[in-house]
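Beneath this line is the structure, given in structure tokens, with notes to follow.
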Amino acid sequence: MRMEACVSELRKFIPKENIFTDEPMANHTSFRIGGPADVFVKVQDEEQLTKALKYLKENDIPYFILGNGSNLLVSDAGYRGVILQIGPAMSRVWTEGTLVHAQAGASMHKAAKAAYENGLGGLEFASGIPGTVGGGAVMNAGAYGGEFRDVVETVSVVTADGEKLTLDNEALQFAYRHSVLLQHPYYVTEVTFRLYPEEQAIIRGKMEDFAARRREKQPLEYPSAGSTFKRPEGFFAGKLIMDAGLRGYTVGGAKVSDKHCGFVINEKNATAEDVRSVIRHVQKSVKERFGVDLETEVLFLGWENDR
């Protein structure tokens, strides 16, 4: 009954065709795994997001902000609460001199492509990262020597109370796979990148090189959440896992990739519990063998103790 009342309230400012009940989260994660969310909302603009956040907080209703689900494992039981998706409706990208502005729902590829088309370098590293700009800002996404902290000028957010803030690079406190956005109930609506003029041929060359390296080394043919583990200081997660003899380790349909041991893949209709079991076994084995704690990049949603 509580969720029925919630849906009724949300429909006062969000079109009913953008509100779904018992929505399978397997349709919204790159793992292609996850049970149903009680309520799933496709947010169309900042005003809808602000109103939804205020309502959910005031009524103590659990919620989670979703981009394109590229770094998320949702439990087989699903999520008891409201998922607010910032996606295609909030994905505009535009340029202003050497600045690239991108709404939070824009893919990182779309932002990198806009930079390329306008002869702006610096965002090539993001062209193949399968996530949204908003998610990239939250976790300081990076690849091939580049990170968001190198190119972000400002990030616009709304708080759970509906307040709008703009944070500059310093205030974001970027670190490896971390930002201040992970510590506060701040929800990204827009990111501004400061880039530099560059020849398109050079930009294209870098993007093509990065794409070729991904195809060669990563198991892109299987559903996954990308790199499963953060890089422990002084080590490489994939090598530690390989040296622990875990290449190809399997539970149910989940597997440590033969191609890159840093990836746990959904090889054969894996359940979320299969994936989590593989992750836990890898962490335990690497700790016992090398004394190294592997922290996940993947977020866990729907378990009693998320993450």
Side-chain angles (χ1 to χ4, degrees), residues 25-26 28-35 37 62 64 66-67 69-81 129-131 135-136 138-143 147 175-179 181-183 214 217-307:
M25 290 303 294
H28 303 284
T29 68
S30 58
F31 260 129
R32 298 293 177 256
I33 292 172
F64 182 82
L66 179 75
S70 62
N71 207 35
L72 186 67
L73 181 66
V74 181
S75 80
D76 300 309
Y79 181 67
R80 305 285 71 80
I129 300 177
V138 170
M139 67 172 291
N140 183 30
E147 294 180 303
Y176 175 66
R177 298 300 177 267
H178 179 85
S179 78
L181 302 171
L182 285 168
Q183 301 169 238
R214 278 194 170 85
K217 298 180 179 179
Q218 297 181 10
L220 303 179
E221 64 273 29
Y222 293 103
S224 77
S227 296
T228 306
F229 303 97
K230 295 181 181 179
R231 186 181 67 244
E233 188 172 354
F235 299 92
F236 291 99
K239 187 174 190 310
L240 288 171
I241 297 165
M242 180 176 66
D243 291 346
L246 296 172
R247 180 191 296 276
Y249 176 78
T250 301
V251 174
K255 180 180 180 179
V256 173
S257 170
D258 292 308
K259 193 171 186 179
H260 190 314
C261 290
F263 286 63
V264 175
I265 60 173
N266 176 3
E267 184 182 43
K268 297 177 181 177
N269 298 314
T271 65
E273 202 56 49
D274 290 342
V275 174
R276 192 166 75 149
S277 294
V278 170
I279 289 172
R280 296 296 187 242
H281 181 74
V282 167
Q283 289 174 315
K284 180 174 182 290
S285 299
V286 169
K287 178 67 173 179
E288 290 176 350
R289 180 80 182 272
F290 303 109
V292 177
D293 292 308
L294 288 182
E295 183 181 354
T296 60
E297 285 194 23
V298 177
L299 300 176
F300 296 86
L301 184 67
W303 281 275
E304 183 176 348
N305 296 307
D306 292 344
R307 194 169 181 88

**Request:** Test M242 against V256 for side chain to side chain contact (heavy atoms under 4.5 Å, CB included), laying out the working first.
**Result:** CA-CA 9 Å; M242 180 176 66; V256 173; over 6 Å; no
Spacing of [atom1] belonging to [X] relative to [atom2] belonging to [Y], to within rounding of 0.5 Å:
X: N71; Y: S30; atom1: CG; atom2: OG; value: 7.5 Å
X: L73; Y: L301; atom1: CG; atom2: CG; value: 9.0 Å
X: K255; Y: Y222; atom1: NZ; atom2: OH; value: 6.5 Å

**Request:** Could you tell me whether F290 atom CZ has more than 12 heavy atoms of other residues or ligands within 6.0 Å of it?
**Result:** yes
**Message:** Quick check on N269: does its CG atom have over 12 non-hydrogen neighbours (other residues, nucleotides or ligands) under 6.0 Å away?
**Reply:** no
Write down the atom of [X], the atom of [Y], and the distance for their closest heavy-atom approach.
X: A175; Y: N140; answer: O-ND2, 2.7 Å
X: S75; Y: G302; answer: OG-O, 3.4 Å
X: V264; Y: S224; answer: O-CB, 3.6 Å
X: D76; Y: A272; answer: OD1-N, 2.8 Å
X: M25; Y: L66; answer: CE-CD2, 4.0 Å
X: I265; Y: S257; answer: CG2-CB, 4.1 Å

Would you call [X] and [Y] a side-chain contact if the rule is heavy atoms closer than 4.5 Å?
X: D293; Y: K287; value: yes
X: R214; Y: I129; value: yes
X: I33; Y: V74; value: no
X: L246; Y: S285; value: yes

**Asked** Charged N to carboxylate O below 4.0 Å: is that the case for E297 and K230?
**Response** no
**Asked** So, are R177 and E147 salt-bridged, with charged N and O less than 4.0 Å apart?
**Response** yes
**Complete:** Residue pairs meeting side chain to side chain donor-acceptor pair (under 3.5 Å), one or both in residues 240-251, sequence neighbours left out, come to K239-D243
**Message:** Let's go through F300 and L72 carefully: what are the C-alpha distance in whole Å and the side-chain angles of both, what is the deciding distance for side chain to side chain contact (heavy atoms under 4.5 Å, CB included) to 0.1 Å, and is it a yes or a no?
**Reply:** CA-CA 6 Å; F300 296 86; L72 186 67; over 6 Å; no
Got a donor-acceptor contact below 3.5 angstrom from the [X] side chain to the [Y] backbone?
X: T296; Y: T228; value: no
X: Y176; Y: R231; value: yes
X: K259; Y: K217; value: no
X: S227; Y: F229; value: no

**Item:** Short side-chain donor-acceptor distance under 3.5 Å, D274 and T271
**Value:** yes
**Message:** I'd like to know whether H178 forms a side chain to side chain contact (heavy atoms under 4.5 Å, CB included) with Q183, so could you lay out the CA-CA distance, the side-chain angles of the two residues, the decisive distance to 0.1 Å, and finally the verdict.
**Reply:** CA-CA 9 Å; H178 179 85; Q183 301 169 238; 2.9 Å; yes
**Request:** For the pair L294 and V282, evaluate side chain to side chain contact (heavy atoms under 4.5 Å, CB included) and give the outcome as yes or no after the intermediate values.
**Result:** CA-CA 8 Å; L294 288 182; V282 167; 3.9 Å; yes
**Item:** Test ring-ring contact (aromatic ring centres under 6.0 Å, His included) applied to F31 - qualifying residues, sequence neighbours left out
**Value:** none
**Fill in**
So the ring pair (Phe, Tyr, Trp, His ring centres under 6.0 Å) pairs with at least one residue in residues 250-278 (sequence neighbours excluded) are H260-F263
